[in-house]
Every structure is written in C-alpha cells, then in structure tokens.
Amino acid sequence: MVDGLLASDGPQLTLVLGGARSGKSRYAESAVMASRPPWIYVATAEPLDDEMAARIAKHRDRRGRDWQTVEAPLDLAGAISTAAASSAILVDCLTLWLSNLMLKERDIDAEVERLETAMTTRKTPLVLVSNEVGFGIVPENAQARRFRDLQGRLNQRIAARADRVVLVVAGLPMFVKGTP
Amino acid sequence: MVDGLLASDGPQLTLVLGGARSGKSRYAESAVMASRPPWIYVATAEPLDDEMAARIAKHRDRRGRDWQTVEAPLDLAGAISTAAASSAILVDCLTLWLSNLMLKERDIDAEVERLETAMTTRKTPLVLVSNEVGFGIVPENAQARRFRDLQGRLNQRIAARADRVVLVVAGLPMFVKGTP
Amino acid sequence: MVDGLLASDGPQLTLVLGGARSGKSRYAESAVMASRPPWIYVATAEPLDDEMAARIAKHRDRRGRDWQTVEAPLDLAGAISTAAASSAILVDCLTLWLSNLMLKERDIDAEVERLETAMTTRKTPLVLVSNEVGFGIVPENAQARRFRDLQGRLNQRIAARADRVVLVVAGLPMFVKGTP
C-alpha cells in the first residue's frame, strides 16, 4: 500500500527549471521531501574537476541520512527503473546528464526516449532538475549553440509529460504548469 | 463581416517571448490558428547559412497548406500593411528582423516606429515572436551588447502596445500581460 | 507620524529582478514613487567608461527634482542606514555593487550581511534592483562564472527576506513573491 499512498501523494512528475545558482536544487529537494523517506538522489554529476567536486560535496553535505545516493552520469533511465519501488526520486540534474551524453557521443534522442519510458512507468513521485539556458545572446561557440538547442528541446519534452513545471527564480517557485 | 468577426476574436496583438528552443514559434502558431484560416506567416529569416536554411525548412514543413508565407527580412511594416485584410498574421521573428536591420545599418528607431504604426492599424489578430536575450552575463563582444540593448528596448516597446504578452518556458505559456 | 505612515504603506522590502534592458529600473522607480516624496536614489554605478557614464546620465535625466541622489559604489549598508529617516529608497543596482566589491576584492559575504542588517532595520519602503544573469550557457570565462554564482546567491538571500519579489520582463512585472 505504500506505493499507492505515494502515488496519490500529489503530482507524480515534476520538472524544476532554473538558472545557475537559482536555488533550484534546494527547491527540488524540498519537493521530494514532501513524500515519506527514504528518498533517492540520482546524481548525474561526475567530479571531473575540483570546482565540480566541491559543488557535489557541498550538495551532499546538505542532504541527510534519509537520502540514498545513486550515481548515474549516463544511464539515467536504468537508475530510475531499478530504484527502490517505494521511494520518491530526485534527479539532479538533466543538464549535466545531457552534457555527459554529448561528451560520450551517445544517441541523445534514443536516451531521451528511454528516460521518457522510465519516467512514465515509475509509480512514485519523481522530481527532475534542469537548467534553463536559452535566455542569453547566441553563443559564439558552435558546440555551445548545439548544447543550448538540445537542452531546450529536452526541457520541452519533459515539460510536456510533467504534471508540474516550476521555474525557480532567486530561490522562489513560479508555477508554469500545475499548482503548488 | 469577416473582419469584424476576427476583430472581436479576443486580443488583437500578442507578443510571444521566449528563449532559444523554448517552443515559442510553435506556441505562436497555435495562437494564430485560433483564428479562422488562411493565416499569413511573415518570415524575417534569410537563409544565410546551412544551419539557418535547415531551421527555416523545418519550420515550414511543420506548417500546412492553410499558411501563406511572406518573406520580409527588412520591410516588416510593409508586409503587415499589405497582407490580405481578413487573415490573422504571425511574425516570426522580431529578433532576426532586428539583426537584419543592424547588418544593413538601417535606422532602427524609424523602422520600429513604422512597425508600431502598422501593428496598431491592423484589424486582424497579429502575433509577434521575439527572443528574450538579456538574462545572461554581459557579453564580452560590444556588438552583442548593443544587440542585447536594442532587443530589450524593442521588446519593451512592443509589449507596451500588446494586448497580451506571453513568456514561453519549455513549451509552456506564462502570461505576463493579459489572460489566456 | 510620517515614518509610521510610510511603514504601513504596503510591503517594506521589494526586490526587482530583470534582465538587461528589461525596464527593471523604470519599474522600480514607479514602485518607490508610490510612497510620498522626496525619494532617495542610491546609485551604485561608477562612471568608469563612456558607455556607463551615458547610461547614468540618461537614468538621472529621467528622474526629477523629487529625487535625492546618494552615490554608494561600495558602502551600500552605510548609505541605507544614514539616509533621511522618512524617505523611501531605491537602490539601483545590486549587480553593479557586487561587481564593484569584486573589483576591490572586498569580503562579499560580510558586505552582504551588513546589507541584510541595514535592510531589515530600515523603517521606510526599500526597493532594490538586481540583474538575473543565470539563464544563459555557462560562460567560458572563469571570472564570469564566479560573478554569476555570487549574483545568484545574493539574489536568493535578498529574495528570502523581501516582502515582494518582482521579475520584470519587457517592462512588465511578474510577481514571484507577494502581490501588487
């Protein structure tokens, strides 16, 4: 009955969008913590340099012992599908996942389809964090332009399936789809 | 009576803002298609390179035979003024138009005034798409800074006259002015 | 009794966020002018180059004789604390202030704490303008990335204490926190 309880626990699928240092991760954590613990944190970050390692450690320190961390820099669909059946999941974040897929030259369209399938078959609340990166001047770098395009399309695809889409601005939620 | 019908068909002038790959064009098309066909698509894009040509072709494929395409890389006011009197119009987009004006060193203020006059005398629904480009770090490139300033001011001027201003985020509309 | 009157005059602390050339300064001025004059304009800009000098002069021209200008490129807390006790204050803007602190290698965390204290002890309406800079692609420049992080965190801290947070888009307010 735990699954059933969680399943009726409000929206199943939430997309949390935000800019850099907007407080989107913190907001997403609080959204997941509205479900009963334990919670699963799916980390897509790989500590490739010191800057990123420090950021990962800082985020982990903020979370407590009720969180189980799963690392999934590439196989996000697999991590969601095999996670404990009764736990709410936080995916942080789709932007790093997309970046990892690009670096490894994976078939991004196929991977997004796998994610969509995993998302829609999951029975517990699922909160996905992603960056909004398209509100600046066109980047001079072609690779940056390509990333911006892919990120925008990915966000649209996830948003179309989400029950709730939240844009976090200065730590505060604006509801683009659904309600608090 | 067709003009009158369309004229009472809800807001006359809609500005659709969004970031890159935000789904703003698709949203704007659906807004125009709430009026009866045929619809006029005013394209400001010029296929200067392969990347842009591919994008233009993709957008055109998505639209059907109920759309008449008018190319207006520079004379946007003229295209709006001379379009068939009973058709709703989509202008996609003001950002490329502004970029074209800059490249040709036209008098931007004068052209915007001409656009404002054409917009406000038009009797059928008019939907204009534009990019929001000012939410990033100050660009190092002076020309990019100038473009960002001009785009911001243009958006403000059109928004002030619009009945409805929509910010599209991940394919979803947020109403900044007016209501659905 | 004037202080008391102003203090009950609606929200005390308003954060006005916006992109470049979004109309945020103009909106913030109108918000301050809902209180009785005279008003205090706290300018954080220093005219380091011609581009900036022209912008400062243009903003000043727009304001009238009911505004008293105080320059505070670094000591913002001091300017707020010592301003005339009965006047509403506009701070324009936190982004230039942050940039000035970085250039002078000040202790940013300590300065933000001083600002928070000054903000929360102030008894008249206080409107602070700041840029939202995190919605673009990750900047290649490390200094720009650092600035983006600091600006994002600063905005979150001020927003958490504000009664009202407004995101200005194309000259129009979106209420992120509080109501008109």
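Each chain gets a letter, A, B and so on, in the order its sequence line appears, and its residues count up from 1.
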| message | Heavy-atom cut-off 4.5 Å, strictly under: side chain, backbone, both or neither for E51(A) against chain C? | response | side chain
| query | Closest heavy-atom contact between G23(A) and Q156(C)? | reply | N-NE2, 3.0 Å
| message | Would you say CZ of R26(C) has more than 12 non-hydrogen atoms from neighbouring residues, nucleotides or ligands within 6.0 angstrom? | response | no
| query | Considering all heavy atoms of both residues, which atom of F147(A) and which atom of I137(C) are nearest to each other, and what is their separation? | reply | CD2-CD1, 3.8 Å
| request: For L17(C) and V169(A), work out which heavy atoms get closest and say how close. | output: CD1-CG1, 3.7 Å
| message | Name the residue from R153(C), R145(C), Q151(C) that meets the side chain to side chain contact (heavy atoms under 4.5 Å, CB included) definition with R21(A). | response | R153(C)
| query | Shortest non-hydrogen contact from A170(A) to N155(C)? | reply | CB-O, 3.8 Å
| task | Quick one: which of A162(C), G136(C), A160(C) has the most heavy-atom pairs under 4.5 Å with chain A, could you say? | result | G136(C)
| message | Just checking D50(C): does its CG atom have more than 12 heavy atoms from other residues, nucleotides or ligands closer to it than 6.0 angstrom? | response | no
| request: Look at atom CD of E113(C) and say whether more than 12 heavy atoms of other residues, nucleotides or ligands are closer to it than 6.0 Å. | output: yes
